[in-house]
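Everything below concerns the one structure shown next.
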Amino acid sequence: MEKLEKLYEGKAKKLYATDDPDVLWVEYMNQATAGNGAKKAQIEGKGSLNNHITTVIFNLLKARGVKSHFIKRLSDTDQLVRTMHMYPLEIIMRNTAAGSFAKRYGVKEGTGLKRPVLEFCVKSDELGDPFINNDGIIALNLASDKELDEISRQARAVNKALSDIFSSIAVQLVDFKIEEGRTPDGEILLADEITPDTCRLWDLKDASGKIEHLDKDLFRRDLGNIIPAYEEIYDRLKTLAHAEGVATE
Ligand code: TMP
């Protein structure tokens, strides 16, 4: 597979064309950002860890019947994925109140939710990823009614499978963000990445009663170095993958 011209550069990844129009080449970068790019840093090792973590997660999800755009990991920082037409949406699932949800409704972080909450934001750096409801998505033609039903169904299926994965490694899946796209032949699929950059992950092995963050909140909130936390997540996921006979590449 040949890496051709750069198609897109985001905050954490670069996307390249390949000699196969159905396949894209993704390179994970060391850049970390928060607050819509207001805070920025280069963190050695982050790109490789996220590339490894998202690979194992996509493979563990596949073993649980959840398909994605992922094809294979090529190296420490690079992977191949299927070409997708992305919906301009950040799809957020919450199992426990935290972050902007806790702030918006004035509830304490860590408050349990009676059922998972599915939220959508429009993916737009310029607008600061504003919240949008289902009617807004359809009115603005960001997805059709039918597509939105399928995206929502998949988001709930991802939450079920991902909650199972993380509870198996003693991690609380507080909330997460995914993105979805459509293949050239119209199949709606989970895409982008699932990493500690895009999930809130709290350590259930910690008995101190304090929240032990194993995710990007360490960076967002200046709580410490993300690398040991991301390594811990990767080590536990790798152990689970080996136990289940699931590939790590
Ligand atoms: P929030 O509480 O800040 O709205 O974030 C909810 C979840 O979504 C959290 O796990 C972090 C993730 N997220 C992203 O991955 N990218 C984003 O741009 C935002 C706003 C949240």
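These figures come from a predicted structure and were not determined experimentally. Basis for what follows: all heavy atoms, side chains included, without hydrogens, waters or symmetry-related copies. Residue numbers run from 1 in the order of the sequence given.
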Revision key, fill the gap. Sequence neighbours excluded, the answer for side chain to side chain contact (heavy atoms under 4.5 Å, CB included) partners of Leu204 is Ala170, Gln172
Study note, to complete from the structure: Of all heavy-atom pairs linking Ala241 and Leu60, the shortest is CA-CD2, 4.1 Å
Revision key, fill the gap. Tightest non-hydrogen contact, residues Ala191 and Met84, listed as CB-CE, 4.3 Å
Practice item. Check whether any side-chain N or O of Asn59 sits under 3.5 Å from a backbone N or O of Ala247 as a donor-acceptor pair, and report yes or no. Key: yes
Check your understanding: Ignoring hydrogens and geometry, is there a side-chain-to-backbone donor-acceptor pair from Arg94 to Val117 under 3.5 Å?
Key -> no
Check your understanding: When you look at Ser208 and Asp206, which way does the side-chain hydrogen bond (donor to acceptor under 3.5 Å, both in side chains) test go after all the steps?
Key -> CA-CA 6 Å; Ser208 69; Asp206 188 85; 2.4 Å; yes
Check your understanding: Any Lys/Arg nitrogen of Asp125 or Lys11 sitting under 4.0 Å from an Asp/Glu carboxylate oxygen of the other?
Key -> yes
Review point. Any side-chain heavy atom of Val158 within less than 4.5 Å of one from Leu190?
Key: yes
Point to revise | Sub-4.5 Å side-chain heavy-atom contact between Lys14 and Val26 | key: no
Practice item. With the side chain counted from C-beta on, respond yes when Gln31 and Lys13 share a heavy-atom pair under 4.5 Å apart, and no when they do not. Key: no
Exercise for review: For atom CD of Glu249, decide whether the heavy atoms of other residues, nucleotides or ligands shown that lie under 6.0 angstrom number more than 12.
Suggested key: no
**Study point:** Salt-bridge criterion met for Asp217 and Arg200 (N-O under 4.0 Å)
**Key:** yes
Practice item. Salt-bridge test for Arg221 and Glu109: reply yes if a basic N is under 4.0 Å from a carboxylate O, no otherwise. Key: yes
Practice item. Could you please spell out the steps behind the ring-ring contact (aromatic ring centres under 6.0 Å, His included) verdict for Tyr230 and Tyr234? Key: CA-CA 6 Å; Tyr230 285 35; Tyr234 181 52; over 10 Å; no
**Study point:** Ion pair Lys177/Glu193, N-O distance below 4.0 Å
**Key:** no
Revision key, fill the gap. Taken to the nearest 0.5 Å, the spacing of Leu218 CG from Ile43 CD1 works out to 9.5 Å
Review point. Between Trp202 and Ala98, which heavy-atom pair has the shortest distance, and what is it?
Key: CZ2-CB, 4.2 Å
Practice item. May I have the step-by-step check of side-chain hydrogen bond (donor to acceptor under 3.5 Å, both in side chains) for Asn36 and Asp129, ending in yes or no? Key: CA-CA 8 Å; Asn36 198 21; Asp129 298 340; 5.9 Å; no
Exercise for review: Could you tell me whether Lys3 and Glu27 have a side-chain N and a carboxylate O separated by less than 4.0 Å?
Suggested key: yes
Exercise for review: Could you check Thr96 against Asp175 for side chain to side chain contact (heavy atoms under 4.5 Å, CB included), going step by step and ending with a plain yes or no?
Suggested key: CA-CA 7 Å; Thr96 302; Asp175 56 32; over 6 Å; no
Practice item. Give the C-alpha distance, both sets of side-chain angles, the deciding distance and a yes or no for side chain to side chain contact (heavy atoms under 4.5 Å, CB included) between Gln79 and Lys72. Key: CA-CA 6 Å; Gln79 62 176 243; Lys72 69 169 181 174; over 6 Å; no
Review point. With the 4.5 Å side-chain cut-off for hydrophobic clustering, are Ile92 and Ile151 part of the same group?
Key: no
Review point. Heavy atoms, side chains only, cut-off 4.5 Å: are Arg156 and Leu118 in contact?
Key: yes
Point to revise | Evaluation steps, side-chain hydrogen bond (donor to acceptor under 3.5 Å, both in side chains), between Glu5 and Tyr16 | key: CA-CA 6 Å; Glu5 77 275 13; Tyr16 297 87; over 6 Å; no
Check your understanding: Under the side chain to side chain contact (heavy atoms under 4.5 Å, CB included) criterion, do Asn95 and Leu113 qualify, and how do the steps go?
Key -> CA-CA 6 Å; Asn95 297 305; Leu113 299 172; 5.8 Å; no
Check your understanding: Heavy-atom distance under 4.5 Å between the side chains of Leu173 and Cys199, does that happen here?
Key -> yes
**Study point:** side chain to side chain contact (heavy atoms under 4.5 Å, CB included) involving Gln154 - partner list, sequence neighbours excluded
**Key:** Glu150, Glu180, Ile188
Point to revise | Phe58 versus Ser68, closest heavy-atom pair with distance | key: CD2-OG, 3.4 Å
Check your understanding: Going only through I, L, V, M, F, W and Y residues with side-chain contacts under 4.5 Å, is there a path from Leu214 to Leu240?
Key -> yes
Check your understanding: Just by modelled atom types, is the Gly45 backbone N or O under 3.5 Å from a matching donor or acceptor in the Ser48 side chain?
Key -> no
Review point. Donor-acceptor pair, Lys108 side chain versus Ala102 backbone, under 3.5 Å?
Key: no
Point to revise | Minimum-distance pair of heavy atoms, taken over all atoms of Thr198 and Ile194 | key: OG1-CA, 3.6 Å
**Study point:** Distance-only polar pair, side chains of Asp185 and Thr183, donor-acceptor under 3.5 Å
**Key:** yes
**Study point:** Any donor-acceptor pair under 3.5 Å from Thr111 side chain to Val107 backbone
**Key:** no
Study note, to complete from the structure: Here the gap from Ile233 atom CD1 to Ile57 atom CD1, rounded to the nearest 0.5 Å, amounts to 8.0 Å
Review point. Looking at side-chain heavy atoms only, is the closest gap between Thr18 and Glu2 below 4.5 Å?
Key: no
**Study point:** Verdict with reasoning, Arg82 to Asp22, per salt bridge (charged side-chain N to carboxylate O under 4.0 Å, His left out)
**Key:** CA-CA 6 Å; Arg82 290 175 67 180; Asp22 290 333; over 6 Å; no
Study note, to complete from the structure: Applying side chain to side chain donor-acceptor pair (under 3.5 Å) to Ser167 and not counting sequence neighbours gives none
Review point. Does Arg236 come within less than 4.0 Å of Asp203, counting only side-chain N to carboxylate O?
Key: yes
Point to revise | Shortest non-hydrogen contact between Ile138 and Leu148, atoms and distance | key: CD1-CD2, 4.0 Å
Practice item. Check step by step if side chain to side chain contact (heavy atoms under 4.5 Å, CB included) holds for Glu179 and Glu90. Key: CA-CA 6 Å; Glu179 296 182 26; Glu90 304 223 314; 3.9 Å; yes
Point to revise | Phe120 side chain reached by Ser152 side chain, heavy atoms, under 4.5 Å | key: yes
Check your understanding: Can you list the steps and then say if Asn51 with Asp78 is a side-chain hydrogen bond (donor to acceptor under 3.5 Å, both in side chains)?
Key -> CA-CA 7 Å; Asn51 185 40; Asp78 295 22; 5.8 Å; no
**Study point:** same_hphob_cluster(Leu189, Trp25) at 4.5 Å side-chain heavy-atom cutoff
**Key:** no
Point to revise | Geometric cation-pi criterion Lys39 and Phe219, 6.0 Å radius, 45° cone | key: yes
Review point. Would you say Thr83's side chain and Val23's backbone share a donor-acceptor pair under 3.5 angstrom?
Key: yes
Check your understanding: Would you say Lys238 has more than 12 foreign heavy atoms packed within less than 6.0 Å of its NZ?
Key -> yes
Check your understanding: Below 4.5 Å, heavy atoms only, C-beta onward: do Leu61 and Phe70 meet side chain to side chain?
Key -> no
Practice item. Give the cluster check for Met93 versus Leu89: same hydrophobic cluster or not, with ILVMFWY residues linked at side-chain heavy-atom distances below 4.5 Å. Key: yes
Point to revise | Donor on one side chain, acceptor on other, Tyr87 and Glu147, under 3.5 Å | key: yes
**Study point:** Electrostatic pair Asp192-Lys123, nearest N-O below 4.0 angstrom
**Key:** no
Practice item. Decide whether Val174 and Ile53 are clustered together by the hydrophobic rule: side chain heavy atoms of Ile, Leu, Val, Met, Phe, Trp, Tyr closer than 4.5 Å, transitively. Key: no
